[in-house]
Each structure stands twice: as structure tokens, then as C-alpha cells.
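Structure, as C-alpha cells:
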Amino acid sequence: MSIWEYANPKRFMGWTAPVLTWTFILGGVSLAVGLVWGFFFTPDDFRQGSTVKIIYLHVPAALMAINAWIMMLVASLIWVVRRHHVSALAARAAAPVGLTMTLIALFTGAIWGQPMWGTYWAWDPRLTSFLILFLFYLGYIALWEAIEDPDTAADLTAVLCMVGSVFAILSRYAVLFWSQGLHQGASLSMDAEENVADVFWLPLLVCIAGFVLLFVALVLLRTRTEIRARRMRALQARMRRA
């Protein structure tokens, strides 16, 4: 069976029902374990004190904000190439989730930045590109809502998604492109020397796993809702013609 057959709306609704339940459960448990472990069973940092513990919300949210847009880009490209409606609906479904992750990252970053930098906001390259990414999320959602024809909306939002991907990449690698700025380097890296200490790193990985699983669950849930809404609109259109 081709992988594309699993994205058929009927098949998609069938196989995602059990997956959705278990993804929510595993995501909720992982996030709860990671946050309790991180906030209550790790020591204060010798420089940042207890404020370092906001890492368990800020880093996973920032990571998912960027990767949500990348997932939207992939789904949009599938729509452009194959004209597969479920992929377009999945991209639309992911946008509000990604927007929420971006808001969490900006808010927790401001709380973290004030005691560390002496200010809630600075026009740092990574912070600025992240703010622009947030605006792209808003524009993407607004464009979907503003265009009545779903195929036209999917086409135009796919173009917007491609343009916004530049800022998703900048948000991730801005500290490498520009040496100036207050924002620190990556907390997690393939190079073990750049990672935070294991006492913080291990619960952080659990929190990231929780955020990833909850993101997947929310996107599946919203995609299923979008499919039902599309079916409803099709039925209403038939009834009006009849």
C-alpha cells in the first residue's frame, strides 16, 4: 500500500483515532514528569539561580514553534506538488498550535531575559526573527480565514509559508549568523560540550518529548476537525444546489 493512501481522508480518520488517544496520554505524562522533575528535583544554577528552570518551558516551546512552521512548509509543498487536500488541511491545523508555541517562547523568554539581561526585550537577531515568525503565523491564519475558496487559500498560504520559512531558519541559527546579540547559543547540540549539564539536560529532553507528542496530538485532532468541517461545507453546498 502506498503511503499516500494513509492520507486519504477516510483512512486518515480511521488510523488517527487510536493514535490520537495514545499520543495525548504519552505527551501529557511526559510533560508532567519533565516539568515536575525539572522544577522540583533539579538544583539552582550557580549563575542564574532558580530562573534557569524556565528552560523546561522556553526551550521546548521555541523548538516546536520553529519545527511547526517547517512541518507546515512540508505539508504545503505536498499540496503544491500532489494537490492532496489532507496535507493542506494539516498545514492549516498546525498554524494555531505553532502560534501558541511561539507565544509561550516569547513570553517565557521575556521572563527569563529580565533578570539575566536587565530587560524583558532586546532587538537581538534571534529575538527579532522570532517576533517576525510570530507575525507570519498571524498572517498565515488570517489569509486562510480571508479567502473563501479553500484551494485558492491553500495555494496562497503555501507561498506565504515558503517565505516565512526564511525566518524560521533565522530564528534557529541567528546566533551563528551574527556574533552580536544577547541571546545565548543552543542549549542542546550534537556536540556534547555545548549542552547544558546533565542534571538539567535529562529532564529537558523529557519536556521536549512531551511538547513534541502534544504537538502531534493537537495537529491530528485539528486536522480531523478540518476534515469534518470540509465535509460539512460540501454537504451544505449540495443541499443548496438541490
Side-chain angles (χ1 to χ4, degrees), residues 27 31 54 57-80 85-114 119-175 177-178 181-183 208 211-212 214-230 233:
L31 191 56
I54 206 167
L57 287 173
H58 178 72
V59 171
L63 183 68
M64 292 313 304
I66 297 168
N67 286 303
W69 191 274
I70 294 173
M71 172 260 163
M72 290 161 55
L73 172 65
V74 172
S76 297
L77 289 174
I78 292 172
W79 160 254
V80 171
H85 286 95
V86 172
S87 64
L89 296 178
R92 182 179 186 179
V97 185
L99 176 68
T100 303
M101 296 292 183
T102 309
L103 274 174
I104 294 172
L106 287 170
F107 181 71
T108 54
I111 295 175
W112 198 358
Q114 204 285 328
T119 179
Y120 288 105
W121 179 262
W123 293 103
D124 176 276
R126 178 173 285 188
L127 272 65
T128 303
S129 59
F130 219 83
L131 178 61
I132 295 172
L133 179 62
F134 169 73
L135 297 177
F136 266 98
Y137 269 117
L138 289 178
Y140 182 92
I141 295 170
L143 190 58
W144 262 109
E145 296 297 330
I147 301 173
E148 185 173 349
D149 180 68
D151 289 356
T152 303
D155 288 335
L156 294 178
T157 52
V159 174
L160 180 63
C161 198
M162 295 176 200
V163 176
S165 298
V166 175
F167 292 96
I169 294 171
L170 287 178
S171 297
R172 175 63 181 86
Y173 296 106
V175 289
F177 296 155
W178 296 286
L182 295 173
H183 200 287
I208 290 173
F211 267 79
V212 170
L214 286 178
F215 170 77
V216 172
L218 289 170
V219 170
L220 289 177
L221 177 63
R222 288 185 49 79
T223 303
R224 289 167 60 86
T225 302
E226 292 289 346
I227 291 173
R228 291 192 181 100
R230 187 181 180 89
R233 288 191 293 268

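In what follows, residues are counted from 1 in the order of the sequence shown. Atom set for the values below is all heavy atoms of this structure, side chains included, hydrogens, waters and symmetry mates excluded.
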Please table the atom pairs, donor to acceptor, closer than 3.5 Å between any side-chain atom in residues 71-80 and protein atoms at least two apart or in another chain.
| unit_1 | atom_1 | unit_2 | atom_2 | d |
| --- | --- | --- | --- | --- |
| Ser76 | OG | Met72 | O | 2.7 |
| Trp79 | NE1 | Asp155 | OD1 | 2.9 |

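- Note on residues 133-144: pairs passing side chain to side chain donor-acceptor pair (under 3.5 Å), not counting sequence neighbours, are Tyr140-Trp144, Trp144-Thr157.
- In this structure, CG in Leu214 is found 6.0 Å from CG in Leu31, a value given to the nearest 0.5 Å.
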Check against side-chain contact (heavy atoms from CB on, under 4.5 Å), Leu131 and Trp123: CA-CA 10 Å; Leu131 178 61; Trp123 293 103; 4.0 Å; yes
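- Residues Trp69 and Ser165 approach most closely at NE1-N, 3.2 Å, considering heavy atoms.
- Residues satisfying the ring pair (Phe, Tyr, Trp, His ring centres under 6.0 Å) criterion with Phe136, sequence neighbours excluded, are Phe167.
- Within the structure, every pair that satisfies the salt bridge (charged side-chain N to carboxylate O under 4.0 Å, His left out) test and touches residues 135-148, not counting sequence neighbours, is listed here: Arg92-Glu145.
- In this view, Arg222 and Glu226 satisfy the salt bridge (charged side-chain N to carboxylate O under 4.0 Å, His left out) rule, not counting sequence neighbours.
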Taking distance alone, no hydrogens or angles, what donor-acceptor pairs closer than 3.5 Å link side-chain atoms of residues 60-67 to residues at least two apart or in another chain?
| unit_1 | atom_1 | unit_2 | atom_2 | d |
| --- | --- | --- | --- | --- |
| Asn67 | ND2 | Leu63 | O | 2.9 |

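- For Leu138, the side chain to side chain contact (heavy atoms under 4.5 Å, CB included) partners two or more places apart in sequence, or in a different chain, are Leu99, Phe134, Leu135.
- The shortest heavy-atom contact between Val219 and Ala90 is CG1-O, 4.2 Å.
- In this structure Thr108 satisfies the side-chain hydrogen bond (donor to acceptor under 3.5 Å, both in side chains) test together with His58, sequence neighbours excluded.
- Checked against side chain to side chain contact (heavy atoms under 4.5 Å, CB included), Ile227 has the following partners two or more places apart in sequence or in another chain: Pro9, Phe12, Met13, Val86, Leu89, Thr223, Arg231.
- Atom-to-atom distance recorded for Cys161:SG and Ile70:CD1 is 10.0 Å, nearest 0.5 angstrom.
- For Arg228, there are no salt bridge (charged side-chain N to carboxylate O under 4.0 Å, His left out) partners, not counting sequence neighbours.
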